[in-house]
There are 2 protein chains.
Amino acid sequence: MSQSVTTPEPITASHIRTILSQHGYRITSPRQRIVEQALLHDRPFTAEQLVAELRNHEDGSESNIGRATIYRTLEILASMDVLSRVIQPGGHAAYVVDAPGHRHHLVCSQCSATVAFTSCPIDELVQDLIADTQFQIHDHMLEVFGLCPECQPPTNGT
Amino acid sequence: MSQSVTTPEPITASHIRTILSQHGYRITSPRQRIVEQALLHDRPFTAEQLVAELRNHEDGSESNIGRATIYRTLEILASMDVLSRVIQPGGHAAYVVDAPGHRHHLVCSQCSATVAFTSCPIDELVQDLIADTQFQIHDHMLEVFGLCPECQPPTNGT
DNA sequence: ACCAATAGTGAGACATTGTGTCAATACTGA
DNA sequence: TCAGTATTGACACAATGTCTCACTATTGGT
Ligand SMILES: [Mn+2]
Ligand SMILES: [Mn+2]
Ligand SMILES: [Zn+2]
Ligand SMILES: [Zn+2]
């Protein structure tokens, strides 16, 4: 087996609290609820999805979390590499929970099953690009799309 | 100079008409105006940008083109590789005019200057991913972000 | 424990972006 | 020229994202 596939180490809500603190962010109740809700997902989820999920469930005791708060918090979590911003096949933005570090994702176009991988083939390319264009290169986005084994049409084995 | 950078061959409106025909699309007046407007751009532009630009200028003679038509046409052009869908640093979708073929883009985060390149470092990676995950891999998206020479802060050469 | 400073919140108005409908229109090939 | 049909555009609507601002809650210092 090559080095491509990452077995993600679990990341906990308390770990994320620590990271928030270290970055100077306050530990607030909405942020904690957002983090916990995000951690329930092992596939990409959209901001609006979380908005819906966090809208007071049957339990009328929970207060609502404002849409703006959710968008803001997701951005913060992404900036700290707790989440990754990914692009879904259709072109829409979503987030996935991630262990920290540089990751890319292989996403099933059908069911959104996601496999993170760490090998990044960009590094050598970047050197060429810098030499050719004189750009300073700060970032890149790479997403790979396909069909997971479950979603592949059965081969017609006559 | 390495092979990374593409000097784009010009693509003309009439060439695009041919491509449309070959794909079974009709040559309509709105499509021609959309194509011509798109060709004026050498940087990424959004669908809404075109909507605005095509909204009858001072010249009251031109009729309006519906928003839906513009979105539809851009998708068609992208599906024929006349345009590429790209993701801007902020995460928003845009299109760039392209010579046909497999391209990626290096985009300036500040001024959106764009350099297309053809070298794609994905191929070997894809083999590993297939072996490791059993996914069928159909597509990928790669964008590189940075600062073009013009937008780089001057080095403080004391 | 208390307090002052201030980061953070949420409601909602609003802006932007994208989709769906459908009668009317304009291409195209025959 | 004409019938068949792909395409249009207006518009309503859905979805997504941004902004504001008075109010609240967290935090570090005392
Ligand atoms: Mn990478
Ligand atoms: Mn490629
Ligand atoms: Zn799948
Ligand atoms: Zn620039």
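Below, read A as the first sequence line, B as the second, and so on, with proteins coming before strands; counting in each chain starts at 1.
Between A:Tyr25 and A:His23, the ring planes lie parallel to each other; the angle is under 30°, not in the 30° to 60° tilted range.
Using a 4.0 Å heavy-atom distance criterion, A:Thr46 is classed as making no nucleic acid contact. As judged by a 4.0 angstrom heavy-atom cut-off over every strand, B:Arg31 is placed among residues touching the sugar-phosphate backbone only.
Distance CZ (A:Arg33) to C1' (C:dG10): 12 Å, rounded to an integer number of Å. As a whole-Å value, the separation of B:Gln22 CD from C:dT28 P is 14 Å. In this structure, the CZ atom of A:Arg55 is 11 Å from the P atom of C:dA11, given to the nearest Å. One can place CG of A:Asn64 at 17 Å from P of D:dT24, the figure rounded to the nearest angstrom. In this structure, A:Arg85 atom CZ and D:dG17 atom C1' are separated by 10 Å, rounded to whole Å. Note: CD1 (A:Ile70) to C1' (C:dG8) measures 14 Å, nearest angstrom. Atoms CG (A:Leu54) and C1' (C:dG10) sit 14 Å apart, rounded to a whole Å. Rounding to whole angstrom units, CG of residue A:Leu74 and C1' of D:dT16 are separated by 13 Å.
Taking the nucleotide of DNA chain C with the nearest heavy atom to each of B:Arg67 and B:Tyr25, the more 5' of the two is matched to B:Arg67. Nucleotides of DNA chain C nearest to A:Ala68 and A:Arg26 differ in position, and the one nearer the 5' end is that of A:Arg26.
Side-chain proximity of B:Thr69 to the nucleotides D:dT8, D:dA25, D:dA10 is greatest for D:dT8. Checked against C:dA11, C:dC27, C:dT28, the side chain of B:Ile27 finds its nearest nucleotide in C:dT28. Ranking D:dA10, C:dT9, D:dG17 by closeness to the A:Pro30 side chain, first place goes to C:dT9. Closest contact between the side chain of A:Tyr71 and the listed nucleotides D:dG4, D:dC19, D:dG17 involves D:dG17.
Using modelled atom types and a 3.5 Å distance limit, the side chains of A:Arg72 and A:Thr69 yield a donor-acceptor pair. Counted by atom type alone, B:Tyr95 and B:Glu75 present one or more donor-acceptor pairs between their side chains at under 3.5 Å.
Between C:dA7 and A:Thr28, no contact under 4.0 Å exists linking OP1 or OP2 to a side-chain N or O.
The backbone N or O of A:Leu50 lies less than 3.5 Å from no partner atom in the side chain of A:Glu53, so there is not a single donor-acceptor pair.
No N or O donor and acceptor, one from the side chain of A:Arg72 and one from the base of D:dG17, sit under 3.5 Å apart.
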Given ring pair (Phe, Tyr, Trp, His ring centres under 6.0 Å), test B:His104 with A:His140 step by step and report yes or no. CA-CA 11 Å; B:His104 296 291; A:His140 61 269; over 10 Å; no
